[in-house]
Amino acid sequence: MTSDMQRRRFVRGIGAVALAGALAGCSGGGDGAATGGGDGGDSASVPGEIDSYLNDNDANQYGGNAADMTGQDSVDISVGAGNQGYAFDPAAVVVSAGTEVNWVWTGNGGQHNIVADDGTFESERMSSAGSSFSHTFEDAGNYGYKCVPHQALGMYGAVVVE
Ligand SMILES: [Cu+2]
């Protein structure tokens with residue numbers, strides 16, 4: 001039952017994006033439904049559980065909102081962002097179920113990895129620019145993760161799957 005509801009919401013999200021795209025062409029103004037076409041798009045609110053998780057761990061680059069990346073087949077998150085390379089950018093994202101998230105290393109900040117708190121995904125430690133790690137989120141839920149080498153420096157992030 002839960003998954004039926006989620007599937008319906010997912011389908012509706014796709015429809016809204018397709019419709020918005022058809023209507024808006026490449027104008028992109030307005031405050032309509034999920035546009036999410038490019039980087040740095042709309043922001044979305046963050047579930048309390050994830051907001052606490054990121055605040056409690058002093059997550060770098062987290063300002064209380066998530067990037068709304070719903071309705072996309074795949075999204076990119078930078079690994080090694082910020083002045084010192086100890087951040088994920090965006091630190092928090094909201095995606096639709098079925099989305100592939102690609103973490104892409106900037107080459108800054110030394111060795112990083114991606115480790116989900118609940119063990120759902122875990123990458124190798126890598127440092128070279130262009131290295132990447134992907135995970136497809138099939139199930140709705142809140143997924144907090146961190147870079148183990150830099151967890152004491154606030155290198156935390158989260159993926160919220162709708
Ligand atoms: Cu790191």
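Both ligands and their constituent atoms are indexed starting at 1 by order of listing. Quick caveat, the model's predicted, so the values are computed rather than measured.
- Less than 2.8 Å away from the Cu ion (ligand 1), the protein contributes these N/O/S atoms: His112 ND1, Cys147 SG, His150 ND1, Met155 SD.
- Remark: Arg125 CZ to Trp105 CH2 distance equals 11.5 Å, nearest 0.5 Å.
- Other residues sharing a hydrophobic cluster with Val148 under the 4.5 Å side-chain heavy-atom criterion for ILVMFWY residues are Val115.
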### Query
Ser134 and Asn102: side chain to side chain donor-acceptor pair (under 3.5 Å), yes or no, with the steps?
CA-CA 4 Å; Ser134 298; Asn102 304 305; 2.5 Å; yes
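- By the 4.5 Å heavy-atom criterion applied to side chains, Asn57 and Gln151 are not counted as neighbours.
- No close placement of the His135 and Phe133 rings is indicated, their centers lying 6.0 Å or farther apart.
- Counting heavy atoms from C-beta outward, Val161 and Glu138 have side chains that stay 4.5 Å or more apart.
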